[in-house]
Amino acid sequence: MAKIQPRSFKGTRDFTPREMIPREALIDSIKSVFRLYGFSPLETPALEMLEVLSGKYGDEGEKLLYKLDYKNDKPRDRVALRYDLTVPLARVVASNPDWPMPFKRYQVQPVWRADKPQPHQGRFREFYQCDVDTIGAPEGIADAEIIALTVQMIRGLGFDEGDRTAVVQLNHRKLLEGLCTFAGLKKEQLSGFTRILDKLDKIGRDAVFKELGDLGVTDNHLEALGEVLAIDNTNVETLQALRERLAGIETAQEGIDSLFAILDYLSHLDVPVEAVNINPNLARGLDYYTGAVFETTLPRQPHIGSLTGGGRYDELIALYSGRDLPAVGTTIGLDRIFAAMEQLGMVDTGVGSVTRALIAAYSKEEIPAALNVLKAFRAAGLPSELFPTAGKLKKPFSYADKQGIPFVAVIGPDEAADPQNLKVSLKQLAKSEQAVVTVAEAIATMLDE
RNA sequence: GUCCGCAUAGCUCAGUUGGUUAGAGCGCCUGACUGUGGCUCAGGAGGCCGCGGGUUCGAGUCCCGCUGCGGACCCCA
């Protein structure tokens with residue numbers, strides 16, 4: 001039989017134990033923060049009806065949907081791989097109108113996008129999202145809680161100083177609408193306007209102004225807009241300055257009021273002021289956002305895209321149920337965070353096994369005794385394994401060394417001499433220390449480490 | 001979707017103006033070391049030189065196409 005190439009689909013990855021061990025620790029820590037804020041777990045299927053997903057993500061997003069192609073299917077029976085976790089949530093909530101509100105859920109599952117993968121930027125076709133959302137709570141506290149949770153989690157992971165400082169950028173859709181009006185544009189031009197504005201930090205003011213000019217913004221408007229966007233102060237000062245500059249534009253004032261309120265709640269939650277940045281040019285591409293929008297960036301690592309992204313979407317659920325339900329939430333980009341941590345040397349990939357103790361039998365005669373030791377270790381809660389072949393102690397020792405297993409327990413004729421009082425030669429590899437001890441003593445030593 | 005670069009051992013790479021049996025380091029296996037990892041030494045296995053075509057007496061090396069990978073843009077987690 002011809003050998004089949006062991007290729008995998010572009011943009012997908014295998015996670016080896018060396019990667020999965022720190023990755024699972026990361027997931028556990030994310031979930032524990034979610035729970036701490038009172039969110040409960042939810043899972044939804046990988047496959048969704050195409051009509052449920054279609055039209056929610058903007059023109060760019062629509063192209064990235066993985067649509068499954070079946071023969072003889074009817075258009076309304078078509079399915080696609082889920083693109084995010086927010087739309088499936090909206091579908092679940094819309095189909096369970098009797099649930100008490102607010103509904104607070106977290107969800108950690110993979111999503112798929114037919115993008116061009118760029119691993120260095122933390123961009124893949126299959127990747128995990130960790131979403132938290134509060135459904136049925138009006139703008140204000142719930143928004144601040146999501147931001148506070150994001151800050152606590154990201155900083156708790158170590159993104160809190162130097163090159164790994166993370167900042168939550170915060171803006172409001174209504175402020176963006178107001179800026180659009182301020183620039184002399186019509187409401188239909190909002191998405192084009194915000195898309196250009198969003199590039200400000202990347203391509204610079206001049207390039208943005210050129211594109212805005214092409215969109216139809218006059219020179220006078222450009223000049224005024226330039227003055228507004230140049231405001232860069234503390235968050236409160238920035239908002240105050242915007243309030244004055246945008247006097248008379250009602251939507252902008254509403255957005256500014258909302259941001260003031262959120263900042264106030266954040267200060268009561270003891271969120272450090274430097275962890276959040278009011279950023280009037282932050283856009284967010286998804287079409288469904290209606291209020292506050294936010295994302296987490298690493299200002300010193302601009303090639304890595306946003307670590308988290310979210311916002312308020314008060315009109316999405318009504319698309320499925322006809323009932324208005326306000327909602328706010330965010331996505332924690334697990335794979336982005338992991339990629340950033342790897343590049344910043346924050347991940348230990350030196351351990352290839354979860355085993356704490358490897359038991360090695362000197363000869364076949366000691367295997368029954370070794371199995372008894374194995375039972376005792378496991379009963380004490382120590383992840384342990386017996387090396388599958390007896391003799392040649394070099395093999396189990398070399399194996400333990402390569403896998404990063406900290407302890408090897410050797411059992412030979414001497415240690416097994418008294419079946420009523422089994423002993424092992426317990427060696428701690430990192431210290432090169434070895435002693436003949438009873439099984440109980442070995443367990444105590446290892447639990448102590 | 002647009003642009004640029006790269007493709008030789010499991011990994012990182014070297015390979016002269018095109019010239020005979022294709023190299024190193026790391027890793028892997030065996031032994032020195034018949035109760036013990038790392039360090040050292042000795043030996044060994046492992047290559048359709050990405051795929052297809054072209055130029056040439058001769059191609060890992062030059063040309064074209066394809067595929068894959070990497071990077072930038074767009075967009076995003």
Side-chain angles (χ1 to χ4, degrees), chain A residues 3 5-11 30 57-64 82-86 108-131 150 154 191 194-196 198-199 202-203 207 211 282-287 293-298 302-310 329-340 350 358 360-363 365-366 387 390-416 424-436:
Chain A
K3 193 169 75 179
Q5 292 288 321
R7 354 177 250 153
S8 47
F9 184 59
K10 185 203 276 268
I30 291 172
Y57 305 113
D59 294 341
E60 291 291 330
E62 191 75 18
K63 292 184 213 155
L64 302 181
R82 69 169 163 249
Y83 176 95
D84 70 358
L85 303 179
T86 306
V108 177
Q109 289 191 273
V111 303
W112 294 268
R113 295 182 190 177
D115 227 352
K116 182 178 174 179
Q118 296 200 195
H120 188 63
Q121 299 176 6
R123 179 205 201 96
F124 309 95
R125 284 184 175 168
E126 178 185 69
F127 58 97
Y128 269 70
Q129 292 196 326
C130 313
D131 274 35
T150 303
I154 289 289
S191 71
T194 56
R195 192 163 303 154
I196 296 167
D198 191 47
K199 295 192 247 178
K202 256 189 186 168
I203 64 176
E211 289 192 35
L282 169 68
R284 307 282 312 146
L286 300 183
D287 279 0
V293 290
F294 31 82
E295 64 181 42
T296 306
T297 59
L298 294 172
H303 66 278
I304 299 174
S306 52
L307 262 35
T308 80
T330 194
T331 297
I332 309 292
L334 176 71
D335 293 279
R336 280 275 164 85
I337 290 172
F338 197 74
L358 178 69
Y362 172 67
S363 63
E365 282 64 45
E366 287 82 38
F387 198 77
K392 290 259 185 195
L393 291 176
K394 186 186 175 101
K395 284 190 175 182
F397 272 92
S398 172
Y399 171 76
D401 186 51
K402 284 171 191 157
Q403 294 286 58
I405 297 170
F407 291 96
V408 176
V410 178
I411 182 155
D414 298 343
E415 292 86 345
V424 294
S425 287
L426 184 69
K427 183 165 189 178
Q428 185 170 6
L429 297 196
K431 293 184 182 167
S432 272
E433 286 173 4
Q434 181 167 325
V436 180

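Scope of the values below: all heavy atoms of this structure, side chains included, with no hydrogens, waters or symmetry mates.
- Atoms CG (A:Asp198) and P (B:rA77) sit 11 Å apart, rounded to a whole Å.
- One can place CZ of A:Arg195 at 7 Å from P of B:rC75, the figure rounded to the nearest angstrom.
- Looking at A:Ser398, its side chain has no donor and acceptor atom pair within 3.5 Å of the base of B:rG38.
- Ionic pairing of A:Glu211 and A:Lys199 is present here: one or more N-O contacts between side-chain nitrogen and carboxylate oxygen are shorter than 4.0 angstrom.
- When Watson-Crick and G-U wobble pairs are counted only if both distances are under 3.5 Å, B:rG1 pairs with B:rC73.
- Applying the 4.0 Å criterion to OP1 and OP2 of B:rA72, one finds that A:Gln118 has a side-chain N or O inside that range.
- Considering only the side chain of A:Asp401, B:rG37 comes nearest among B:rG35, B:rG71, B:rG37.
- Within 3.5 Å, a donor on the side chain of A:Arg123 pairs with an acceptor on the base of B:rC75, or the reverse.
- For B:rU36, its base sits under 3.5 Å from the side chain of A:Lys427 at one donor and acceptor pair at least.
- In this structure, of B:rG37, B:rA77, B:rG35, it is B:rG37 that holds the atom nearest to the side chain of A:Leu429.
- For A:Lys402 and B:rC28, the shortest distance from a side-chain N or O to OP1 or OP2 is below 4.0 Å.
- A donor-acceptor contact under 3.5 Å links the side chain of A:Glu415 to the base of B:rG35.
- Atom name C1', nucleotides B:rG5 and B:rC48: the rounded distance is 26 Å, in whole Å.
- Between B:rA24 and B:rA14, the two C1' atoms lie 7 Å apart (nearest whole Å).
- The shortest distance between the side-chain N/O atoms of A:Lys431 and the OP1/OP2 oxygens of B:rG37 is not below 4.0 Å.
- Both distances falling under 3.5 Å, in either a Watson-Crick or a G-U wobble arrangement, occur for no nucleotide opposite B:rG47.
- Following rounding to the nearest Å, A:Lys10 (NZ) and B:rC66 (P) show an atom-to-atom distance of 14 Å.
- Separation of the P atoms belonging to B:rG65 and B:rC3 is 13 Å when rounded to the nearest angstrom.
- Taking the 5.5 Å centre cut-off and the 30° plane limit, the aromatic side chain of A:Tyr399 is not classed as stacked on B:rG37.
- Counting non-hydrogen atoms under 4.0 angstrom, A:Pro396 reaches nothing in the nucleic acid.
- Between B:rG60 and B:rG23, the distance separating the two P atoms is 14 Å to the nearest Å.
- Between A:Asp115 and A:Arg123 a salt bridge is recorded (basic side-chain N to carboxylate O distance below 4.0 Å).
- In this structure, A:Leu307 reaches the sugar-phosphate backbone alone: every heavy-atom distance under 4.0 Å involves primed, P, OP1 or OP2 atoms, never a base.
- Using Watson-Crick or G-U wobble geometry with both donor-acceptor distances under 3.5 Å, B:rU30 finds its partner in B:rA42.
- Atom C1' of B:rG47 sits at a distance of 23 Å from the matching atom of B:rC62, rounded to the whole Å.
- Judged by distance alone, with hydrogens and angles left aside, A:Lys116 brings a side-chain donor or acceptor within reach of the base of B:rG71, the pair sitting under 3.5 Å.
- With a cut-off of 3.5 Å on both Watson-Crick or G-U wobble distances, the partner of B:rG23 is given as B:rC13.
- Within the nucleic acid shown, A:Ser432 comes within 4.0 Å of at least one base atom, counting heavy atoms only.
- With both ends at atom C1', the span from B:rA9 to B:rG27 equals 11 Å, rounded to whole Å.
- Base-pair partner of B:rC6: B:rG68 (Watson-Crick or G-U wobble, both distances under 3.5 Å).
- Nucleotides B:rA7 and B:rG50, compared at atom P, are 9 Å apart to the nearest Å.
- Scanning atom types as modelled, one donor and one acceptor separated by under 3.5 angstrom connect the side chain of A:Arg336 and the base of B:rC76.
- Of the candidate nucleotides B:rU30, B:rC69, B:rG35, B:rU30 has the atom lying nearest to any side-chain atom of A:Lys395.
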